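From a predicted model like this one, the values you see are computed outputs, not experimental measurements.
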Amino acid sequence: MRYSLLAIGLGLVVAFPSAVSAQAPVAALTGLVSSAEEATMEGVLVSATRAGSNITVTVVTGADGRYSFPANRLGPGQYAIGVRAVGYELDQPEAIEIKAIEAPDPKAASRDLRLGKAKDLAAQLSNGEWLASIPGTDRQKDQLLNCVGCHRVERIMRSNHDADAFLTQILPRMQSYVQQSLPIHPQLRPAERLMEERGEDRIEIYRAAAEYLSTINLSATERWKYALKTLPRPKGRATQVIYTEYDLPREEIAPHDVMVGKDGIVWFSSFGEQNLGRLDPKTGKVTEFPYPKHREDSPTGSLGLRADGAGNLWLGNMYQAAIVKFDPKTEQFKFWTLPAERNIDAAQINMVSPQRSDIDGKVWTQNNGFAGVHRLDIATGKIETWEPFKAAPKGESHNIYDVIPDSANNVYFTDFRQGQIGRIDAKTGEVSLFQTPTPRSAPRRGNMDAQDRLWFGEYRGDRIGMFDTRTKAFKEWKLNTRWAAPYDVVLDRNEDAWTGSMVTDQVTRLNTRTGEMVDYLLPRSTNIRRVFVDSSTTPVSFWVGSNDGASIVKVEPLD
């Protein structure tokens, strides 16, 4: 288990509905959570994992300090109990057994939990809490948003490297790895992106970063000289939620993109490996479908996973510079590679967007290698290319991060470096650019709604962005938490916009009519990337992969 655990040496007899009973299901397990400091603790996440299972269910204590697991979520068996409550932890674990009987007996399904002060608060901090704690300007802290894609910033804070070590060893080594690297699975970058050249001398950028990092780690002291700050625990609506986590079979699996098919089966892309994953959420069974390399010496792994209208799955195979299509019915792959003149060492196809390929048989993709956009003709295999920033001044960097088609299969793209939304007309090929209202907003991933409004995350702007492609108007909503760093945004059937933070372990639900937001804290550290909302459920359900936690998380609000 990856939580603060307590297992209770007590056989709990729990009522489950039977074929002959018309009574409503009772709770499988309830109790009060308290500590010496708080008689009733609201916003404590309480998790239960059955022995031998890869599925963990989590609920949150309400204002009365009580938690309650619905009977249909915990079957009979031995369970380990864990909590997430920053600053607190449970005692040593033992075993808890839940049994099923025919007659409801609510009293038998109660167990109070007592929390004590955490022995190592630093180990519990999210990346966002570290950023709130460390001294420095926003510009200095902003550099650490480049680090969270591969590892937690806690690694930096606990290090003892001085400025010279950062300058000559650590930063050059980190820059040499591709972004789909994990500490247990590093991969070297084959070449620099052409549009990522810096206007300043890189050594000066490294030097400033090295000097700053050496002031916030343990290079000159045994303990940090700054206070560790924590975010408040969830309250109110943020406690009205149930989480289900599915641990994947190997720690190397990084489920970057997660999506749910019409049949309820969950699919995910593997960020560092040549596999497409499938999860049956009823059983927790995981199946992996391997596919071959197209560039033997290049890094492996896929990023964007999206479906076309027929239910085929499409992947961007990143440094393998390939477009991948998978038919779930036949379980067969098909591949397209770039023309030789575009298949440079730095070529990097991250996102593939087939959503409106039914319009004209064309699929859009981007290329991080030179800030380009490609369009694949499925029937002929021909690939067209646009370079919107080819004439940009020297030293002006651009990064086309995502490509999102509208209802006519015109494509919109996000320019991560310059904070722009671009458009390519599907018929004329004309390129238009639109600047986001917030400077340096870093628009990242996005989704088009039924009204041709583009919803996207402003990673460095801590905002949800919306661009109405028909009126050419922007609207932005600032998130509640500094360093929220939203990666992706999707709109559900209720006009609520959902996003997830790569930094704070929070999922945010925005009522776009009123501006009200709810921040759901996830049960453990979760590197959130692409977000998916299943609007077929009531209420809607939210899915995300823990990219460096080898798990998939389902969030079910109760309202």
Side-chain angles (χ1 to χ4, degrees), residues 120-229 254 272 297 299 319 345-346 348 368 394-397 399 416-417 440 442 459-460 482-483 485 502-504 525 527 547-548:
D120 184 4
L121 175 62
Q124 295 185 334
L125 297 189
S126 66
N127 288 321
E129 287 166 324
W130 275 111
L131 289 171
S133 300
I134 59 177
T137 65
D138 279 3
R139 192 79 176 203
Q140 287 174 315
K141 296 182 182 185
D142 191 64
Q143 301 171 86
L144 295 173
L145 294 181
N146 298 323
C147 305
V148 299
C150 297
H151 58 77
R152 290 169 49 78
V153 297
E154 180 187 356
R155 295 173 69 94
I156 301 170
M157 309 315 171
R158 290 189 185 274
S159 73
N160 57 11
H161 306 300
D162 60 17
D164 184 67
F166 274 118
L167 179 63
T168 61
Q169 302 172 42
I170 307 304
L171 294 178
R173 185 166 76 242
M174 295 300 103
Q175 180 65 22
S176 72
Y177 296 140
V178 294
Q179 65 268 44
Q180 62 262 47
S181 293
L182 296 174
I184 60 173
H185 185 206
Q187 299 190 78
L188 291 175
R189 187 183 300 277
E192 289 290 334
R193 301 171 184 169
L194 301 186
M195 294 299 291
E196 288 286 293
E197 296 175 356
R198 306 278 185 164
E200 302 175 62
D201 185 354
R202 175 163 289 175
I203 193 65
E204 292 306 315
I205 297 174
Y206 280 178
R207 191 183 309 281
E211 291 174 353
Y212 173 63
L213 295 177
S214 67
T215 67
I216 57 176
N217 71 350
L218 299 178
S219 60
T221 180
E222 292 185 357
R223 293 297 298 173
W224 300 285
K225 295 182 178 179
Y226 45 87
L228 300 182
K229 300 176 182 178
D297 297 327
Y319 283 102
D345 288 343
Q348 184 183 344
N368 269 132
K394 185 175 181 177
E396 181 180 286
S397 61
N399 179 342
F416 186 73
R417 288 293 181 190
R440 299 184 69 251
Y459 184 67
R460 298 190 189 278
R482 182 68 176 103
W483 309 110
M502 285 181 64
V503 178
T504 64
S525 176
N527 190 289
N547 196 63
D548 55 7

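Heavy-atom minimum distance, S181 versus Q187: OG-N, 2.9 Å. Closest heavy-atom contact between A254 and N547: CB-O, 3.0 Å. A pairwise comparison of heavy atoms in A210 and A163 identifies CB-O, 3.4 Å as the closest pair. The heavy-atom pair separating R482 from T504 by the smallest distance is O-CG2, 4.4 Å. Across all non-hydrogen atoms, the minimal contact from A123 to E154 is CA-OE2, 3.6 Å. Residue P135 comes nearest to Y212 through the heavy atom pair O-OH, 2.7 Å, listed as atom of the first residue, atom of the second, then distance.
With rounding to the nearest 0.5 angstrom, the NE2 atom of H161 is 13.0 Å from the CG atom of L167. Here the CZ-CG distance, from R223 to L228, works out to 7.0 Å after rounding to the nearest 0.5 Å. Between the NE2 atom of H151 and the CD1 atom of I184 there is a distance of 14.0 Å, given to the nearest 0.5 Å. Here the straight-line distance linking atom CG of L218 with atom CD1 of I156 works out to 12.0 Å at 0.5 Å rounding. To the nearest 0.5 Å, atom CH2 of residue W224 and atom CE of residue M157 are 9.0 Å apart. Atom-to-atom distance recorded for C147:SG and M174:CE is 9.0 Å, nearest 0.5 angstrom.
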Next item on the list: List the steps and the verdict of side chain to side chain donor-acceptor pair (under 3.5 Å) for N160 and N217.
Entry: CA-CA 6 Å; N160 57 11; N217 71 350; over 6 Å; no
Check: Would R152 and R158 count as a side-chain contact (heavy atoms from CB on, under 4.5 Å) if you check the C-alpha gap in whole Å, the side-chain angles of each, and the deciding distance to 0.1 Å?
Finding: CA-CA 11 Å; R152 290 169 49 78; R158 290 189 185 274; over 6 Å; no
Notebook entry, point to check: Given the rule in the side-chain contact (heavy atoms from CB on, under 4.5 Å) test, do K229 and S133 qualify, once you have shown the distances and angles that lead to the verdict?
Noted result: CA-CA 5 Å; K229 300 176 182 178; S133 300; 3.6 Å; yes
Note to self: side-chain contact (heavy atoms from CB on, under 4.5 Å) for Y226 and I216? Distances and angles first, verdict last.
What the structure shows: CA-CA 8 Å; Y226 45 87; I216 57 176; 4.2 Å; yes
Notebook entry, point to check: Where do L144 and I134 land on the side-chain contact (heavy atoms from CB on, under 4.5 Å) test, with the steps shown first?
Noted result: CA-CA 11 Å; L144 295 173; I134 59 177; 3.5 Å; yes
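The backbone N or O of A346 sits nowhere less than 3.5 Å from a side-chain atom of R189 that would complete a donor-acceptor pair. Of the possible donor and acceptor atoms, none in the side chain of D548 sits under 3.5 Å from a partner among the backbone N and O of L182. The backbone N or O of L121 lies less than 3.5 Å from no partner atom in the side chain of Q124, so there is not a single donor-acceptor pair. Although no hydrogens or angles enter the test, the distance criterion places no donor-acceptor pair under 3.5 Å between the side chain of D142 and the main chain of R460. The closest donor-acceptor contact from the side chain of S126 to the backbone of E129 lies under 3.5 Å.
A search for side chain to side chain donor-acceptor pair (under 3.5 Å) contacts involving Q348 returns R193, Y319, N350, not counting sequence neighbours. For S214, the side chain to side chain donor-acceptor pair (under 3.5 Å) test picks out no residue, with sequence neighbours left out.
In D138, the CG atom is crowded: over 12 heavy atoms of neighbouring residues, nucleotides or ligands sit closer than 6.0 Å. The 12-atom threshold is not exceeded at CZ of R155, counting heavy atoms of other residues, nucleotides or ligands nearer than 6.0 Å.
The aromatic rings of Y459 and F416 sit tilted, their planes meeting at an angle between 30° and 60°.
The side-chain heavy atoms of L213 and L171, taken from C-beta on, include a pair separated by under 4.5 Å.
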